[in-house]
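Because only heavy atoms are used, hydrogens play no part in the values below, and waters and symmetry mates are left out as well, while side chains stay in.
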Amino acid sequence: MKAVVQSGIHRVGVQEWPAPVPADGEVLVRVRSVTICASDIHMFAEGNVGGVAWDGPFVPGHEVAGIVEDSNGTELKEGTPVVLDPAVPCRDCDRCREGLLHLCRNVKFLDLPPIHGGMRELVAWPAGSTFPAPENLDVVEAPLLEPLTVGIHAAELATGLEKATILIAGCGAVGLCTLQMAKLRGAAKVFSSDLIPERLALAQELGADAVIEVGRQNPVEEIMEATERLRTKYEQ
């Protein structure tokens with residue numbers, strides 16, 4: 001199979017790699033689309049992300065969608081469009097036993113050592129972390145469900161969000177997803193801040209009530225002034 005392989009900083013190419021063989025409980029997925037996360041860019045440009053680095057050639061990409069090629073005895077039917085949860089919890093550590101699977105101490109993550117990522121034709125992945133894509137969603141767009149779930153989770157964790165005034169710092173993919181989820185949850189006023197004007201423009205298109213360009217504007221001063229105006233308005 002063909003795979004996108006990073007062999008060094010700023011060194012990426014297409015190579016022939018052996019096709020994976022699914023183990024018990026895994027399915028074989030023919031990859032249809034992979035998005036590029038900021039972590040992939042850090043690994044490409046700097047050779048590590050969050051202090052984690054590869055010591056040899058590796059396949060990047062963890063936001064993945066595709067079609068089940070081999071169900072391997074699992075309940076997922078061959079031909080099913082699916083998305084992959086890149087984080088596979090051990091389900092045995094104290095965090096997992098508490099139900100905090102996202103904080104697993106022994107998590108296995110697609111595209112972090114020693115697991116190669118999804119920028120290849122075939123990926124073998126645990127069936128329990130492989131989910132059918134919504135029928136009305138193109139499989140090419142389906143990898144965006146991964147960052148969307150982060151925004152959903154953030155909005156679910158935020159108590160008292162309804163009718164609240166909030167700030168979302170950063171208008172990358174996750175920040176913009178969180179913005180939309182906050183509005184859907186009933187946030188009354190959402191401020192969004194970023195360094196990049198184009199991102200701020202997109203935040204406004206997606207529902208931000210006000211935007212702050214960090215570097216040109218002081219976020220603390222802007223928020224204090226704006227919320228003071230709001231407080232005065234409500235007191236009147």
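Electrostatic pairing of D209 and K183 counts as a salt bridge here, judged by a charged N lying under 4.0 Å from a carboxylate O. The residues K2 and E121 are annotated as not salt-bridged, no charged nitrogen and carboxylate oxygen being separated by less than 4.0 angstrom. A salt bridge does not link R185 to E162: none of the charged side-chain nitrogens sits closer than 4.0 Å to a carboxylate oxygen.
Under a hydrophobic clustering in which Ile, Leu, Val, Met, Phe, Trp and Tyr are joined whenever their side-chain heavy atoms come within less than 4.5 Å, directly or via other members, V64 and M1 fall into the same cluster. Residue V5 is grouped with residue L122 when hydrophobic side chains (ILVMFWY) are merged at heavy-atom distances under 4.5 angstrom, including chains of intermediate members. If you chain together hydrophobic residues whose side chains sit under 4.5 Å apart, L28 and V83 never meet in one group. Note on I36 and V4: same hydrophobic cluster, where clusters join Ile, Leu, Val, Met, Phe, Trp and Tyr whose side-chain heavy atoms are under 4.5 Å apart, directly or indirectly. Residue V59 is grouped with residue V31 when hydrophobic side chains (ILVMFWY) are merged at heavy-atom distances under 4.5 angstrom, including chains of intermediate members.
At least one side-chain heavy atom of V52 sits under 4.5 Å from a side-chain heavy atom of P113. Counting heavy atoms from C-beta outward, I9 and M43 have side chains that stay 4.5 Å or more apart. A 4.5 Å side-chain heavy-atom check between D70 and V27 finds every atom pair outside the cut-off. In this structure, the side chains of R95 and H102 stay at 4.5 Å or more apart for every pair of heavy atoms.
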Could you go step by step and tell me if V190 and S192 meet the side-chain contact (heavy atoms from CB on, under 4.5 Å) rule?
CA-CA 6 Å; V190 178; S192 293; 4.2 Å; yes

Let me see the working for I166 and F191 under side-chain contact (heavy atoms from CB on, under 4.5 Å), right down to the final yes or no.
CA-CA 6 Å; I166 66 171; F191 294 88; over 6 Å; no

Between H62 and S39, does a side-chain contact (heavy atoms from CB on, under 4.5 Å) hold up when you go through it step by step?
CA-CA 10 Å; H62 60 263; S39 61; 3.1 Å; yes

Step-by-step side-chain contact (heavy atoms from CB on, under 4.5 Å) determination, R32 to I67:
CA-CA 7 Å; R32 289 290 307 277; I67 307 295; 3.9 Å; yes

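Heavy-atom minimum distance, P143 versus E63: CB-O, 3.3 Å. Nearest approach of L200 to C171, heavy atoms of both residues: CD2-SG, 4.0 Å. The two residues C90 and N106 come nearest to each other via the heavy atoms SG-ND2, 3.5 Å. In terms of heavy-atom proximity, V88 sits nearest to S129 at CG2-OG, 3.7 Å.
One N or O on the side chain of Q6 and one on the backbone of G8 form a donor-acceptor pair closer than 3.5 Å. Formation of a donor-acceptor pair under 3.5 Å by the T178 side chain with backbone atoms of V174 is found in this model. Side-chain atoms of E141 do not come within 3.5 Å of backbone N or O of L137 as any donor-acceptor pair. In terms of modelled atom types and a separation under 3.5 Å, the side chain of E225 and the main chain of E221 share no donor-acceptor contact. A donor-acceptor pair is defined here as one N or O able to donate and one able to accept, closer than 3.5 Å; such a pair exists between the side chain of W125 and the backbone of D85. Side-chain N or O atoms of E26 include one that pairs as donor or acceptor with a backbone N or O of A23 at under 3.5 Å. Put simply, the side chain of T149 gets close to the backbone of E146: a donor and an acceptor are under 3.5 Å apart.
Note that CZ of R97 is 10.5 Å distant from SG of C104, once rounded to the nearest 0.5 Å.
A perpendicular orientation is assigned to the rings of W17 and H116, their planes being inclined by more than 60° (bins at 30° and 60°).
For residues 35-59, no residue pair satisfies the salt bridge (Lys or Arg N to Asp or Glu O under 4.0 Å) rule, not counting sequence neighbours.
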